[in-house]
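One is the number of the first residue; the rest follow in order along the sequence.
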Amino acid sequence: MAANNRRMSGKKGAQVGSGGQRRKGLEGRGPTPPAEMRKGHKKNRIANAKAKQAVRRPVARGRGGRSASELVVGRNPVVEALREGVPASTLYVQQFIDNDERVREALQLAAERGGINLMEAPRPELDRMTNGLNHQGLVLQVPPYEYAHPEDLLDAAADEGEDPLVVALDGVTDPRNLGAVVRSVSAFGGHGVVVPERRSAGMTAGAWKTSAGTAARTPVARATNLTRALEAYKKAGLTVVGLAADGEADLGDLQALEGPVVIVVGSEGKGLSRLVGETCDYRVRIPMPGGAESLNAGVAAGIVLYEAARRRG
């Protein structure tokens with residue numbers, strides 16, 4: 001009986017389990033990251049060096065000047081920007097980041113596009129770059145946009161043997177409206193968009209996204225003074241048409257759209273500024289039987305551009 005007790009005591013009783021740790025240890029860690037992201041790899045060192053040089057390199061100014069570089073912050077915004085083809089120079093990825101679907105897609109899109117440096121950075125460095133914003137471990141650097149000069153839009157029309165069709169924005173501060181106008185200009189055969197240097201939307205990542213890729217082929221010019229730029233257009237033979245809810249002429253009666261023209265769109269709330277309004281040859285209203293008081297800049301520009309394209313066609 002004693003022997004039986006000794007044999008019984010040698011049996012293993014209930015034990016605390018591993019909590020699945022052994023099973024998790026057998027799971028894979030996902031796809032191998034690109035060479036540019038693997039610390040110590042030659043391509044990683046080259047990418048880091050290029051990224052540092054890009055940050056230190058002084059910004060050259062073209063005829064229309066350049067904007068400052070911009071940062072797109074956060075996993076969803078970064079992935080959306082890469083999907084929409086927003087220009088990018090560097091994708092910063094936090095060290096030891098949780099490798100979820102958005103991170104993997106961002107890395108894949110950056111690798112497929114090419115020309116985007118992949119740089120790994122510690123969290124404190126990304127916090128410093130973004131001024132403490134919730135970057136979620138992903139930061140995309142958008143290079144400065146090189147603006148055209150207002151005269152360049154006339155040259156583009158001359159090269160194509162066409163009468164210039166240009167849109168100027170007066171006091172439009174929402175980049176999405178700028179992007180929508182760029183898209184409409186591209187759709188209806190326009191030659192570019194002019195924005196003032198101050199108190200105006202610029203070609204940010206948001207404008208690029210709204211343009212749906214058309215910003216890559218439709219120039220945006222920046223004018224130091226919009227009124228003087230419009231006066232220069234008038235001397236070059238263009239008719240300046242301003243959109244105003246209380247305009248004297250109806251859009252359907254305006255024959256000037258058949259020739260060289262610059263269409264000026266004001267902000268939704270304030271409309272055209274006084275000096276710009278006085279510079280216009282015509283102040284035109286868009287008939288709205290539905291009774292709406294105003295249209296946003298993107299919609300208003302699209303309607304007038306369609307009418308111009310219809311008349312020219």
Once rounded to the nearest 0.5 Å, what's the spacing between atom [atom1] of [X] and atom [atom2] of [Y]?
| X | Y | atom1 | atom2 | value |
| --- | --- | --- | --- | --- |
| T90 | L140 | OG1 | CG | 8.5 Å |
| M288 | I303 | CE | CD1 | 8.0 Å |
| L257 | E307 | CG | CD | 6.5 Å |
| E197 | R222 | CD | CZ | 5.0 Å |
| N117 | Y92 | CG | OH | 8.0 Å |

Is any side-chain heavy atom of [X] closer than 4.5 Å to a side-chain heavy atom of [Y]?
| X | Y | value |
| --- | --- | --- |
| I116 | L82 | yes |
| E120 | Q94 | no |
| T214 | R217 | yes |
| V241 | D281 | no |
| I263 | L165 | yes |
| I97 | Q136 | no |
| V167 | L305 | yes |

Would you mind telling me which of V93, V103, L91, V73 makes a side chain to side chain contact (heavy atoms under 4.5 Å, CB included) with V78?
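Only one of V93, V103, L91, V73 forms a side chain to side chain contact (heavy atoms under 4.5 Å, CB included) with V78, namely L91.
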
Between [X] and [Y], is there a side-chain N and carboxylate O pair less than 4.0 Å apart?
| X | Y | answer |
| --- | --- | --- |
| E80 | K209 | yes |
| E278 | R274 | yes |
| R128 | E125 | yes |
| E105 | R83 | yes |
| R75 | D100 | yes |

How close do [X] and [Y] get, heavy atom to heavy atom, and via which atoms?
| X | Y | answer |
| --- | --- | --- |
| A207 | G202 | CB-O, 3.8 Å |
| A223 | A229 | CB-CB, 3.8 Å |
| A180 | G298 | CB-CA, 4.1 Å |
| A157 | P164 | CB-CA, 3.7 Å |

The test is side-chain hydrogen bond (donor to acceptor under 3.5 Å, both in side chains); show your working for S273 and D170 and say whether it passes.
CA-CA 7 Å; S273 61; D170 178 27; 3.0 Å; yes

Using modelled atom types and a 3.5 Å cut-off, is there a donor and acceptor pairing between side-chain atoms of [X] and backbone atoms of [Y]?
| X | Y | value |
| --- | --- | --- |
| K234 | T279 | yes |
| S211 | W208 | yes |
| N177 | D174 | no |
| Y147 | M203 | yes |
| Y145 | V220 | yes |
| S186 | R183 | no |

Tell me, with the steps shown, if V181 and V265 meet side chain to side chain contact (heavy atoms under 4.5 Å, CB included).
CA-CA 10 Å; V181 171; V265 184; over 6 Å; no

More than 12 non-hydrogen atoms from neighbouring residues, nucleotides or ligands closer than 6.0 Å to CZ on F188, yes or no?
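Counting neighbours around CZ of F188, more than 12 heavy atoms of other residues, nucleotides or ligands fall under 6.0 Å, so yes.
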
Residue R176 excluded, over 12 heavy atoms near CZ under 6.0 Å
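12 or below, so no.
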
Linking Ile, Leu, Val, Met, Phe, Trp and Tyr through side-chain heavy atoms less than 4.5 Å apart, which residues share a cluster with V264?
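Grouped by the 4.5 Å side-chain rule, L153, L154, V166, V194, L226, L230, Y233, L238, V240, V262, L272, V276 form the rest of the cluster around V264.
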
Do any side-chain atoms of residues 244-256 form donor-acceptor pairs under 3.5 angstrom with protein atoms, and if so which ones, sequence neighbours left out?
from : atom 1 : to   : atom 2 : distance (Å)
D246 : OD1    : R283 : NH2    : 2.8
E248 : OE2    : R283 : NH1    : 2.9
D250 : OD1    : G252 : N      : 3.0

With sequence neighbours excluded, residues passing side-chain contact (heavy atoms from CB on, under 4.5 Å) with [X]:
| X | answer |
| --- | --- |
| E112 | Q108, L109 |
| E70 | V142, T204, A205 |
| R199 | none |

Holding to salt bridge (charged side-chain N to carboxylate O under 4.0 Å, His left out), I want the full list of residues that pass it with R123, two or more places apart in sequence or in another chain.
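R123 satisfies salt bridge (charged side-chain N to carboxylate O under 4.0 Å, His left out) with D127 once adjacent residues are dropped.
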
ILVMFWY cluster, L275 and L243 together (side-chain gap under 4.5 Å):
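The answer is no; the residues belong to distinct hydrophobic clusters.
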
With salt bridge (charged side-chain N to carboxylate O under 4.0 Å, His left out) as the criterion, how do K235 and E231 come out once you've worked through the C-alpha distance, each side chain's angles and the decisive distance to 0.1 Å?
CA-CA 6 Å; K235 291 179 181 178; E231 290 172 347; over 6 Å; no

Carefully, step by step, assess R312 and V261 under the rule side chain to side chain contact (heavy atoms under 4.5 Å, CB included).
CA-CA 12 Å; R312 292 171 179 229; V261 65; 3.6 Å; yes

